[in-house]
Amino acid sequence: MTGKVDVAVVGGGITGLTAAHHAAVEGASVVHFIGAGVPGGLVANVGELEGFPAAGPVAALDVALRLTEENEKLGVEVVSEDVARLETAGPRWRLSTDAGAREARSVVAATGARLRMIDVPGAARLMDKGVSQCAWCNGSLYRGSEVVVVGGGDSALQEALHLAKFAAQVTIVTRGETLKARRSLIDRAADSERISFRWEAEIVEVLGGDSVTGVRLRDRATGEAEELGCAALFVYVGLSPASQWLPEQIARDTDGHVLTDASFATSASGLFAAGAMRKGYGGRLTHAVGEATAAGLAAVGHAARGKP
Ligand SMILES: Cc1cc2nc3c(=O)[nH]c(=O)nc-3n(C[C@H](O)[C@H](O)[C@H](O)COP(=O)(O)OP(=O)(O)OC[C@H]3O[C@@H](n4cnc5c(N)ncnc54)[C@H](O)[C@@H]3O)c2cc1C
């Protein structure tokens with residue numbers, strides 16, 4: 001891996017793929033570090049995207065693979081490695097992976113976020129033994145069973161609706177009295193005979209020996225405990241930004257979200273950030289696409305200004 005480029009894009013989710021695309025369309029030389037896994041990021045396993053304009057239902061992996069292919073046709077160099085470190089090298093940025101280093105005039109950081117896990121007894125021990133964060137991967141294992149989903153946002157509801165195709169009953173456990181999800185998902189969940197809600201409750205323990213047999217809940221209003229039998233627990237309780245590979249001096253909020261201005265510039269010249277790692281990100285793929293377009297173009301503009 002050698003050579004200097006105009007723009008480096010880091011992150012193989014929809015934000016990174018879109019930013020690389022727009023930078024290449026503008027004629028910049030682009031290297032795109034998509035990470036070690038398949039492209040697609042948080043939605044890589046989602047078999048049917050919500051609210052993503054396309055001619056009919058579409059699987060995220062198909063979108064991501066198609067975008068990667070199109071980017072390669074535009075001349076984007078796609079590297080299936082994680083960037084471990086970013087540092088300045090004179091007027092450029094140096095990006096290091098386990099295989100080597102590359103330099104770029106500007107960088108778009110698009111490494112998104114990871115799903116948070118609940119920190120209660122049993123959750124880590126029973127991971128992949130009934131505790132899961134991928135309904136599209138594991139949902140069909142629970143045909144005819146009772147399952148619990150914890151969370152109250154878009155992903156909790158979207159995944160609960162998918163699970164309801166297999167499970168006898170899906171209980172959504174949520175801390176609040178209302179949901180934060182988009183209206184269409186709330187309405188579909190409310191209409192499903194197989195989905196019910198346990199409001200104002202939190203999971204305090206995941207129960208089971210070799211596999212999940214239930215969860216212990218605490219009612220947030222009364223403090224009372226109760227047990228709910230289930231064969232699986234799917235956890236969608238929010239995201240943590242994946243920004244640890246950025247230099248320490250890049251401004252972030254206390255959770256690690258990168259701070260940017262309205263043009264997606266970070267606190268360091270030539271470093272832009274977009275998508276789920278950014279403070280103020282809207283949360284939907286269409287937000288990712290918009291932010292990535294603007295960040296990709298801003299990165300090209302910065303790179304061009306630095307050219308002799
Ligand atoms: C279960 C679930 C379902 C969802 N469904 C929908 C939906 O149907 N419609 C919708 O609009 N939104 C949906 N969302 C929200 C959507 O997933 C996010 O808004 C979107 O994925 C953000 O894209 P991103 O590219 O910024 O980040 P991510 O999707 O998190 O992608 C980041 C990428 O960067 C890579 N990466 C991380 N660190 C490094 C590194 N150091 N070097 C190189 N690469 C790295 C990761 O491997 C990943 O590929 C869903 C979210 C979840 C959790």
Side-chain angles (χ1 to χ4, degrees), residues 8-21 31-54 57-61 63-65 67-68 78-86 95-99 102 107-117 132-139 149 151 153-163 181-182 184-185 234-246 256-258 264 272-293 295-296:
V9 177
V10 188
I14 298 302
T15 305
L17 289 162
T18 308
H21 178 88
V31 61
H32 183 193
F33 296 91
I34 63 167
V38 291
L42 286 166
V43 281
N45 296 308
V46 174
E48 205 172 301
L49 291 175
E50 294 282 335
F52 188 74
V58 64
L61 187 59
V63 174
L65 291 175
L67 281 172
T68 309
V78 176
V79 179
S80 298
E81 284 170 25
D82 284 331
V83 171
R85 202 171 60 254
L86 178 71
L95 303 101
S96 303
T97 72
D98 288 346
R102 294 295 294 270
V107 174
V108 179
T111 48
R114 296 190 192 91
L115 286 165
R116 282 202 196 123
M117 180 39 69
S132 171
Q133 295 189 294
C134 185
W136 291 86
C137 321
N138 300 326
V149 171
D154 279 348
S155 45
L157 264 74
Q158 186 179 7
E159 303 302 89
L161 283 161
H162 180 66
L163 289 166
R182 63 185 84 181
S184 62
L185 291 170
F234 288 83
V235 181
Y236 299 101
V237 292
L239 301 168
S240 301
S243 63
Q244 72 293 337
W245 60 280
L246 292 173
H257 294 100
V258 176
F264 304 100
F272 301 84
M277 74 180 316
R278 195 183 73 81
K279 169 88 176 166
Y281 172 60
R284 299 185 183 190
L285 290 168
T286 42
H287 293 117
V289 169
E291 293 195 3
T293 307

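Whatever order the structure lists them in is the order used to number ligands and atoms, beginning at 1. Here, residue 1 is the first one in the sequence, and each next residue gets the next number.
- Looking at ligand 1, you'll find an N or O of L42 within less than 3.5 Å of one of its N or O atoms.
- Ligand 1 places these atoms under 4.0 Å from at least one heavy atom of L285: 9 (N), 10 (C), 11 (O), 12 (N), 16 (C), 20 (C), 21 (O).
- At least one N/O-N/O distance between A276 and ligand 1 falls below 3.5 Å.
- Below 3.5 Å of separation, one finds an N or O of T15 facing an N or O of ligand 1.
- The two residues P39 and A44 make their nearest non-hydrogen contact at O-CB, 3.8 Å.
- By the 4.0 Å N-to-carboxylate-O rule, E291 lies close enough to R278 to be salt-bridged with it.
- Contact analysis leaves G37 out of contact with ligand 1, as no non-hydrogen atom separation drops below 4.0 angstrom.
- Between G283 and ligand 1, a contact under 3.5 Å exists for at least one N or O pair.
- For the pair G51 and ligand 1, no heavy-atom separation below 4.0 Å is found.
- Residue contacts with ligand 1 for M277 are absent, since no atom lies close enough (heavy atoms, distance under 4.0 Å).
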Mind running side-chain contact (heavy atoms from CB on, under 4.5 Å) on V10 and W245 for me, showing each step along the way? CA-CA 10 Å; V10 188; W245 60 280; 3.7 Å; yes
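- Here V46 has side-chain heavy atoms under 4.0 Å from ligand 1, and that is the only part of it that gets that close.
- Listed for the T111 side chain is a donor-acceptor partner under 3.5 Å among the backbone atoms of A242.
- Between W136 and ligand 1 there is no heavy-atom distance shorter than 4.0 Å.
- Nearest protein heavy-atom contact of atom 6 (C) of ligand 1 is Q158 OE1, 3.5 Å.
- Between E50 and ligand 1, at least one pair of N/O atoms sits closer than 3.5 Å.
- By the criterion of a heavy-atom distance under 4.0 Å, the backbone of A113, and not its side chain, is placed next to ligand 1.
- Between the side chain of Y236 and the main chain of Q133, a donor-acceptor pair closer than 3.5 Å is present.
- In this structure, Q244 has no heavy atom closer than 4.0 Å to ligand 1.
- Near L115, the atoms of ligand 1 lying under 4.0 angstrom from a non-hydrogen atom of the residue are 53 (C).
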